[in-house]
Amino acid sequence: MITITLPDGAKRQYEEGTTALEIAKSISEGLARKVLAAEINGEVWDATRPIKDDAALKLLTWNDKDGQMTFWHSSAHLMAEAVEQKYPGVKFWVGPPIENPRGFYYDIDLGDRKISEEDLADLEKTMRELAKQGNAYVRKEMSKKEAVDFFSEKGDEYKLDLLQKLSDGEITFYTQGNFTDLCRGPHIPDTGFIKAIKLTNIAGAYWKGDEKNKQLTRIYGVSFPSQKELDEYLVLLEEAKKRDHRKLGKELGIYTLDDDVGPGLIMWLPNGTVIIEELEKLAKETELEAGYKRVVTPHIAKESMYLTSGHLPYYADSMYPPMEMEGEKYYLRSMNCPHHHKIFAAEPKSYRDLPYRVAEYGTVYRYEQSGELFGLMRVRCLHMNDAHIYCTKEQFNDEFRAVNDMYLKYFKIFGIDKYVMRLSLHSPDKLGIKYVNEPELWKETETMVRNVLRASDIPYVEVQDEAAFYGPKIDVQIYSVIGREFTLATNQVDFSQGRSFKLQYTTPDNQTETPLIIHRAPLGTHERFIGFLLEHYAGKLPLWLAPVQVKVLPISDKFTDYAKAVSEKLKKADIRCEVDDRNEKIGKKIRDTELMKVPYMLIVGEKELNENKVAVRVQGKGDAGVKGVDEFTAEITVEIKERRSV
RNA sequence: GCCGUUGUAGCUCAGUGGUAGAGCACUUCCUUGGUAAGGAAGAGGUCGUGAGUUCAAUUCUCAUCAACGGCUCCA
């Protein structure tokens, strides 16, 4: 007999070799029908795998993340079975479940075959038929030799490659119906659980993620235990599309692109420019308060500067090619730091000048690969909320921490709470290739950054091989509505460029020392930040950012003069206000203004004119009663000043 | 850059081997209307660009540019 401990602490006795599914059945048949997998002593297992020793057991259903992941993993196998049935002879690489977007994919070498999105419906149909058969996922342990023989016979170089890293005792195969795959598992009990399937798209993906390798065909899909859940998911996807910043950016007149100007080159329309100016105002206020000095530097520089900085060898490919003038090569800058270093170097510095903080909304140009461009999130001309802090080692912790506090201050203003702080570290095997070859300095600065994060009590994740070439950094990662991950803001340590630029300050004992540099951009770039804000607020920007804050809507043209008088009064109070004097009915004016997401509407007619008042309507909420113009102005002036988010 | 898809009016989209259509937006007129679309008329497109096939191409083929979905990349 073995003792099974359930999550509530209850202990039960079972025969050795009992499965989690049988245990579920002993609790209730209804529960057993929902069990997808089991967590045995913290490890996810097949629900049908015999348990041989005492164990802590948690039954996993659709309500558990691991239950879903197992479900999608099994769905990937089901898709592979359908693909193999329809296209015999294809070879499979890997087919994992994924969280973002939800579902699964399988990478497949189709040989000379091509499939397009039209074939997906057909594949789905085959999957449904196979699912209905309710075939069990059967686990089988194999020796390495058996496994190698199996795939050698199939001529499957991909699975043989996977096997190379595995040894006897850790090789398992799973079979469902006619499909057998090398797989660590676990899987759901049988295909009958998969009731709703949607293959979403088809894409190329390099083998092992390396662009030098062959490109395989990746099919993405998602599946659910019921049609209802699939339908709900599809509705959710539709909703997400509505807040896509590219759609909102067009509807709200924020920005535009033009073929004649070039891909990834954003032109900010008047409405978008208002947002930019408000953000800059915020940044300037905040930075002034934090002791930064503002500078302005050119968008280009000579080649020699980027050789000094060390950027050119790393990033020449993603810089616009140089232009030649009087025998000199000039580059459009793709970063502001070298210019700022030159500002530091312009006058001799003493320890009394440190920390020396220079800020600039710097325009930079990056020749991003064409396939990478994405709305406002990934562009070729960007405006960075940039600043560089030159400080001593002793000052570093306070400075770095102050920058982090600035992030948090901003995030509070914008109500940003769904982000991941990422401590981005170097990868020791890429020293001298991707990272400056200073193993000791890397170790030292990484520890410094980690300590700051710990001291601030900020939750974060550590990731290898994401550092800048000159030092470790903290990135703030966010997701766009369609699930793509982006770095919104960044705070970086640089122990390298100070020396390459021979930056120095005089210490109290009259020695020269190289400062540490912090690169920081808490508001990222205008492009990405506004793209993010549009999605974050679903286009309903808070009052202080709204391009048009108030729209005055006269009931008929008899009241246009009064509307204009009200508007003038608001404008004098620095409120962005417009009058809708079109020959339209009030319902139409309201509708159009609502769609443009203007925060406040002031409706004026006979009544308001006589009483010298306005009828306030709040965007998305409706009628908010009649008020005097001065009272209304005073109220929203406070709302704007406080940069309220609601 | 790579794989795949798409490209028709300002926007959203129909359609065709015989040089194009809808709704919204726009202009004018009627209407002067009280909290999410009043009515009528009009104007607007060398069907992304270039080449080829054809008596004839927006439609078929190729190239190219751009956008979209991924992959790779992201100082």
Side-chain angles (χ1 to χ4, degrees), chain A residues 101 105 107 110 114-118 200-220 244 246-247 250-251 253 256-260 262-264 306 309-312 314-315 317-319 333-338 364 366-375 377-378 382 384 386 434-435 466-471 473 475 482-487 490 492 494 496-497 519 521 528 553-560 582-595 601-608 615-624:
Chain A
Y105 68 79
D107 282 350
L110 292 166
K114 274 201 176 131
I115 61 173
S116 68
E117 302 202 354
E118 289 152 31
T200 46
N201 57 350
I202 194 160
Y206 298 109
W207 182 43
K208 292 184 178 180
D210 187 335
E211 62 183 325
K212 287 183 207 81
N213 286 340
K214 181 171 181 178
Q215 198 159 61
L216 306 175
T217 302
R218 175 174 295 182
I219 305 176
Y220 283 89
D244 188 316
R246 292 166 298 183
K247 187 172 157 64
K250 189 173 273 178
E251 286 170 359
T256 190
L257 290 160
D258 189 284
D259 278 6
D260 272 343
Y306 298 111
S309 72
H311 282 95
L312 212 45
Y314 289 99
Y315 297 110
D317 284 350
S318 50
M319 291 175 78
R333 70 172 168 195
S334 59
M335 70 298 294
N336 304 304
C337 35
V364 303
R366 295 179 178 181
Y367 199 80
E368 302 285 5
Q369 295 185 41
S370 57
E372 255 311 325
L373 301 174
F374 177 72
M377 301 285 198
R378 197 75 185 274
L382 36 132
M384 285 182 78
D386 215 350
K434 192 174 165 185
Y435 304 108
E466 290 288 347
F469 74 84
Y470 45 66
K473 56 179 181 160
D475 294 318
I482 64 163
R484 240 188 253 185
E485 187 181 3
F486 288 97
T487 299
T490 183
Q492 314 175 344
D494 178 355
S496 166
Q497 286 193 66
H519 303 234
R528 194 170 285 178
L553 312 179
I555 295 283
S556 79
D557 57 17
K558 281 188 242 161
F559 311 105
T560 304
R582 293 176 304 165
N583 180 8
E584 291 290 351
K585 293 172 90 165
I586 194 66
K588 170 75 166 162
K589 293 182 183 178
I590 288 172
R591 178 183 157 77
D592 289 348
T593 314
E594 285 279 351
L595 290 176
M601 281 155 262
L602 300 182
I603 293 152
V604 295
E606 179 109 46
K607 228 163 45 193
E608 289 76 18
V616 181
R617 184 187 161 100
V618 183
Q619 200 275 332
K621 295 204 177 90
D623 198 341

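Quick note on labels: first sequence line is chain A, next is B, and so on, each numbered from 1. What you see below is based on every heavy atom in this structure, not just the backbone, and it leaves out hydrogens, waters and symmetry mates. Note that the coordinates shown come from a computational prediction; the quantities given were computed from them, not determined experimentally.
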- For the pair made of CG in N583(A) and C1' in U32(B), what is the distance, rounded to whole Å? 8 Å
- Sugar-phosphate only, base, or nothing, as touched by K434(A) at under 4.0 Å among non-hydrogen atoms: sugar-phosphate
- Task: For RNA chain B, produce a single dot-bracket line, 5' to 3'. Pairs: Watson-Crick or G-U wobble, both distances under 3.5 Å. Symbols: ( ) within strand, [ ] crossing, | other strand, . unpaired.
- Result: (((((((..((((....[..)))).(((((.......))))).....(((((..]....))))))))))))....
- Touch check for F469(A), heavy atoms < 4.0 angstrom, all strands: base, sugar-phosphate only, or nothing? nothing
- Message: Over all strands shown, is G371(A) touching base, sugar-phosphate only, or nothing at heavy-atom distances under 4.0 angstrom?
- Response: base
- Message: What I want to find out is whether D244(A) reaches R246(A) closely enough, with some N-O distance under 4.0 Å, to be called a salt bridge.
- Response: yes
- Mind checking E606(A) for me? I need base, sugar-phosphate or nothing, with any heavy atom below 4.0 Å counting as a touch. base
- Query: Has the side chain of K214(A) got a donor or acceptor atom that lies under 3.5 Å from a matching backbone atom of W207(A)?
  - Reply: no
- Y470(A) on top of A75(B)'s base, within under 5.5 Å and under 30°? no
- Approximate separation, where rounding is to 0.5 Å, of L602(A) CG and L553(A) CG: 7.5 Å
- Message: Is it the case that the base of A36(B) and the side chain of R617(A) share a donor-acceptor contact (distance under 3.5 Å, atom types as modelled)?
- Response: yes
- Query: Does the A75(B) base have a donor-acceptor partner in the side chain of S318(A) within less than 3.5 Å?
  - Reply: yes
- Message: Over 60° means perpendicular and under 30° means parallel, so tell me whether F469(A) and Y314(A) are parallel, tilted or perpendicular.
- Response: parallel
- Query: Across the strands shown, which category fits F486(A) at heavy-atom distances under 4.0 angstrom: base, sugar-phosphate, nothing?
  - Reply: nothing
- In whole angstroms, the gap separating C1' of U12(B) from CG of L595(A) amounts to 14 Å
- Message: Taking any heavy-atom pair under 4.0 Å as a contact, classify R484(A): base, sugar-phosphate, or nothing.
- Response: sugar-phosphate
- Look at the side chain of S370(A) and decide which nucleotide, out of C74(B), G1(B), G33(B), has an atom nearest to it. G1(B)
- Task: Identify, with sequence neighbours excluded, every residue that meets salt bridge (Lys or Arg N to Asp or Glu O under 4.0 Å) alongside E368(A).
- Result: R378(A)
- Under-3.5 Å donor-acceptor pair between E608(A) side chain and G34(B) base: yes
- Short side-chain to backbone donor-acceptor contact, R218(A) and A203(A), under 3.5 Å: no
- Task: List the steps and the verdict of salt bridge (charged side-chain N to carboxylate O under 4.0 Å, His left out) for R617(A) and E594(A).
- Result: CA-CA 10 Å; R617(A) 184 187 161 100; E594(A) 285 279 351; 3.0 Å; yes
- Of A75(B), C71(B), A36(B), the nucleotide closest to the side chain of Y206(A) is C71(B)
- Would you classify I586(A) as touching base, sugar-phosphate or nothing, given that sugar-phosphate means primed atoms plus P, OP1 and OP2, and contacts are heavy atoms under 4.0 Å? sugar-phosphate
- Whole-Å distance between A67(B) C1' and E368(A) CD? 17 Å
- At under 4.0 Å between heavy atoms, what does R246(A) touch on the DNA or RNA strands: base, sugar-phosphate, or nothing? sugar-phosphate
- Message: Once you apply a heavy-atom cut-off of 4.0 Å, does K589(A) come out as touching a base, just sugar-phosphate, or nothing?
- Response: nothing
- Task: Remember a base hit wins even if backbone is also touched, and classify G209(A) as base, sugar-phosphate or nothing at under 4.0 Å, heavy atoms.
- Result: sugar-phosphate
- Message: So K214(A), base contact, sugar-phosphate only, or nothing? Heavy-atom distance under 4.0 Å.
- Response: nothing
- Message: Looking at the base of C71(B), is there any donor atom on it, or on the side chain of E211(A), that sits under 3.5 Å from an acceptor on the other one?
- Response: no
- R484(A) NZ/CZ over F374(A) ring centroid, <6.0 Å and within 45° of normal: yes
- Query: Quick one: the side chain of R366(A) and the base of C73(B), do they pair up donor-acceptor inside 3.5 Å?
  - Reply: no
